[in-house]
Amino acid sequence: MRRNQMIKRSIAAIIKDACEGCKKDGILPVDTEINPIIEIPREKGHGDYSTNIAFLLAPVLKKNPKEVAGMLVQHMDLNAVCDKVDVAGKGFINFYVKDALWQELLQDVYAKGIGALFPGMGKGSKVLIEFVSANPTGPLHIGHGRGAAVGDVLANILSKAGYDVTKEYYINDAGRQIKTLGRSTFLRWQELKGLQVSYEQDLYQGDYIKDLAREIIDKNIEVPSAEEDAIAFMAKFSGEVIMNGIVKDLEDFGVHFDSYYKESGLYERGIIDDTLALLKDKGYAYEKDGALWFQTSSFEKDEDRVLIKSDGEKTYFTSDIAYHLDKFERSYETLVDIWGSDHHGYIPRLKAAIQALGKDKEDLKVILIQFVSLLKDGKPVGMSTRAGAFTTLREVLDEVGRDAARFFFLMRKSDAHLEFDLDLAKKTSNENPVYYVQYAHARIMSIFRNAGEEGIGIDQLPKADLHLLTQEDEISLIKGIIHFHDVIEGCARSFEPHRITFYLLDLVGDFHSYYNKTRVLGDDRELTLARLLLLHMLREVIRTGLNILGVSAPERM
RNA sequence: GCGCCCAUAGCUCAACUGGAUAGAGUGUUGGACUACGAAUCCAAAGGUUGCAGGUUCGAAUCCUGCUGGGCGCGCCA
């Protein structure tokens, strides 16, 4: 959106020129360097942009900010961009951009297509976003669902912002938990065959393990006779079945990964050994008590961590370092990891490892996902993974549907607790925010259907003249549409996908108000056409926004 | 004991990263369909931003100390 930035730039120019003018008049010291903030005010009555420059200059001039602001405004030469500027509050300078400029901006976006609103900040730089990565030892629960939604939507945002994004799922198929899984299935299997077994506490407790055992019996799958081999077989079998289930759940949730990356592959391709060699080589690994340690402490405020245990086994940390090294080797410039917030203590050691490998720790962005608590009938639903009583993503999906589930997961900042109200998400009524947004889309489509019956099609929109839109709410809808650009940019910069949700709710609220007040299809053909173009662009933004969220944009509801 | 995160309207949450009179939704109360979809809109009421200090023109936001909640601190993953 070059012209959007153009507006901000020319306001900066107005300010700068005013400063120069003041310097020439001897009011301002010639050597004054100032970097004022130009922002969009929260309050609508405060103009389109405002600056705090007067507050910054006040101490220099030993005058109060309001005086300084007044003086600056007197030196301002309003160019073609603004038609009004004033001093407000304790010394803010507010700029009012000409309506015509916004109108022309939108006309321009219409001509170029909605893509004109996508920021090109990414410049094709390669980003790897790794998320979910749940161990294939049980079905995805609701917390994984939240991570999946956040990761998927963030990926959508980043690609809209011009990044080259790859979505990856890391499968921990080499660790001890896979052996535990095999043992769990094995014992359940023995149980089903009528043997007395003692099922230990630290094995997987969920009923899905019994289902796996039953599947082996029902399908007459041959099991190796030696216990050791049987357990290994069960591990492989269970892991694969569960992983297939996870992939299916994700697909039904609308999340598709570009790649599934196996931990075992790190061993097979020698990447683990290479990584260890590299760390030793650089002198960041040392032996103590029969184990190999990594020197976390020389990079971060954290304790040294074990890479190879005294029994010769590598730790999870080791493969994780290797994995991240490999991400860089695959020429990704930015690595985004999405973790459950209970792993936050893990960040320093991984950042330390990345530095040890000679990479910039800032290239790794870790996004933490806080826990989700479920609310049903107004009461919290208990969740304990150990007892196997957790709510699965599948259950939520079956209960509330994909659209509501995804939307609800993105209604909160990811590092804040999310209270998921199942009853609310299930409601097909006005209380449900998903419908509020979707309804706006359906309403606009309905208007276009009616317009079509009156012989006005979208093929006539190029003739529309947005200058005819003079109502205040129409201008502010135009600004809202244009603002989509800044919202995507903000999301991409801060890695906060939830902002899209809030933006849509806000935008759509303005639309509903407008709709109730103003009739779109009227006798004035020219005005009708202008309003239809406005709604057409609005619809494009809503549709694109919902698309980013992975939520459908229905034409009828 | 040490470290990280959170605390905002009755409830669930925002606040563009230090800006102006802290905003939405929901709930409560009252109103709007003989024209484009009432799954909508309009209005009222609701606050010492957990507490106490500090930094400055200006703090929900930053610094310190409390209080209350979550999570970490393994040769687990």
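Atom set for the values below is all heavy atoms of this structure, side chains included, hydrogens, waters and symmetry mates excluded.
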Whole-Å C1' distance, B/U49 and B/A59: 11 Å
Go along nucleotides 68-77 of chain B 5' to 3' and tag each nucleotide: B for a protein heavy atom under 4.0 Å from its base, S when only backbone or sugar atoms are that close, - otherwise. --SBS-SBSB
With a 3.5 angstrom cut-off on both distances, give the Watson-Crick or G-U wobble partner of B/C36, or none if there isn't one. none
Taking a pair to mean Watson-Crick or G-U wobble geometry with both distances below 3.5 Å, B/C73 pairs with B/G1
Sugar-phosphate, base or nothing in reach of A/Thr518, heavy atoms under 4.0 Å: base
Would you call A/Tyr436 stacked on B/A39, i.e. ring centres under 5.5 Å apart with the planes less than 30° off parallel? no
Please give, in whole Å, the distance from B/G37 P to A/Met445 CE? 13 Å
Using Watson-Crick or G-U wobble geometry with both distances under 3.5 Å, which nucleotide pairs with B/G30? B/C42
Candidates B/G37, B/A35, B/C57 - which lies nearest the side chain of A/Arg519: B/A35
Could you pick out which residue, A/Ser446 or A/His512, lies toward the 5' side of RNA chain B when each is mapped onto its nearest nucleotide? A/Ser446
Indicate syn or anti for B/U17, taking the glycosidic torsion and treating anything within 90° of 0 as syn. syn
Using a 4.0 Å heavy-atom cut-off across all strands, classify A/Ala440 as base, sugar-phosphate, or nothing. nothing
Could you tell me whether the side chains of A/Gln177 and A/Thr137 share a donor-acceptor contact shorter than 3.5 Å? no
Distance-minimising heavy-atom pair for A/Lys179 and A/Ile231: O-CG2, 4.3 Å
If you pin A/Ile40 and A/Glu419 to their nearest nucleotides in RNA chain B, which one's is more 5'? A/Glu419
Name all residues meeting the side-chain hydrogen bond (donor to acceptor under 3.5 Å, both in side chains) criterion together with A/Lys361; count only those two or more places apart in sequence or in a different chain, and write none if there are none. A/Glu300
Can you tell me if CD1 on A/Ile40 sees more than 12 non-hydrogen neighbours from other groups inside 6.0 Å? yes
Quick one: is A/Arg42 getting a side-chain N or O under 4.0 Å of the B/A20 phosphate, OP1 or OP2? yes
Using a cut-off of 6.0 Å, state whether more than 12 heavy atoms not belonging to A/Asp524 lie near its atom CG. yes
Does the structure show a Watson-Crick or G-U wobble partner for B/G23, both distances under 3.5 Å? Name it, or say none. B/C13
Quickly work out the A/Phe408 CZ to B/C13 P distance and round it to whole Å. 12 Å
Taking the six-membered ring for Trp, are A/Phe408 and A/Phe420 closer than 6.0 Å centroid to centroid? yes
Return yes when atom CD of A/Glu200 has more than 12 non-hydrogen atoms of other residues, nucleotides or ligands closer than 6.0 Å, and no otherwise. yes
Considering only heavy atoms and no angle criterion, is a donor-acceptor pair shorter than 3.5 Å present between the side chain of A/Asn52 and the base of B/A20? no
Do you know which of A/Ile15, A/Thr51, A/Val68 makes side chain to side chain contact (heavy atoms under 4.5 Å, CB included) with A/Ile93? A/Thr51
Base, sugar-phosphate or nothing for A/Pro41? Non-hydrogen atoms, less than 4.0 Å. base
Say you pick atom C1' in B/A7 and the same atom in B/A15; how far apart are they, in whole Å? 16 Å
Partner nucleotide of B/G58 by Watson-Crick or wobble geometry (both distances under 3.5 Å): none
Between A/Asn450 and B/G37, is there a contact of a side-chain N or O with OP1 or OP2 at under 4.0 Å? yes
Between B/A38 and B/C33, how many Å separate the two C1' atoms, rounded to a whole number? 7 Å
Atom CG of A/Leu56 and atom P of B/G58: how far apart are they, to the nearest Å? 14 Å
Gap separating the CD1 atom of A/Ile272 from the NZ atom of A/Lys314, nearest 0.5 angstrom: 7.0 Å
Distance in angstrom units between A/Leu424 CG and B/A24 P, rounded: 20 Å
Basic-acidic side-chain contact under 4.0 Å: A/Glu240, A/Lys236: yes
Between P on B/G37 and CD on A/Glu453, what's the gap in Å once rounded to a whole number? 10 Å
Classify A/Phe92 by what it touches in the nucleic acid, base, sugar-phosphate, or nothing, heavy-atom distance under 4.0 Å. base
Given atom CZ of A/Arg493 and atom C1' of B/C16, what is their separation to the nearest angstrom? 8 Å
Residue A/Lys479 excluded, over 12 heavy atoms near NZ under 6.0 Å: yes
Could you give the distance separating B/U28 and B/C36 at their P atoms, to the nearest angstrom? 28 Å
With heavy atoms under 4.0 Å as the rule, sort A/Ser513 into base, sugar-phosphate or nothing. sugar-phosphate
Where does B/C41 fall, syn or anti, if syn means a chi angle no more than 90° from 0? anti
Starting at atom OH of A/Tyr439, determine the distance to atom C1' of B/G37, rounded to an integer number of angstrom. 4 Å
Which nucleotide, B/A38, B/G19, B/U17, lies nearest any side-chain atom of A/Phe55? B/G19
Within the pair A/Lys517 and B/A32, is there a side-chain N or O less than 4.0 Å away from OP1 or OP2? no
Rounding to the closest angstrom, what is the interatomic distance between B/G46 and B/A22 at atom C1'? 14 Å
Do other residues, nucleotides or ligands put more than 12 heavy atoms under 6.0 Å from the NZ atom of A/Lys309? yes
Show me the protein contacts with nucleotides 7-10 of chain B, counting only N or O atoms at under 3.5 Å.
none

Can you check the distance between B/G47 and B/A14, where both ends of the measurement are the C1' atom (answer in whole Å)? 15 Å
Whole-Å distance, A/Tyr49 OH to B/C16 P, equals 17 Å
Should B/C51 form a Watson-Crick or G-U wobble pair with both distances under 3.5 Å, which nucleotide is its partner? B/G65
Looking across every strand, which nucleic acid part, if any, lies under 4.0 Å from A/Asp202 by heavy atom: base, sugar-phosphate, or nothing? nothing
Below 4.0 Å: OP1/OP2 of B/A15 and any side-chain N or O of A/Arg499: no
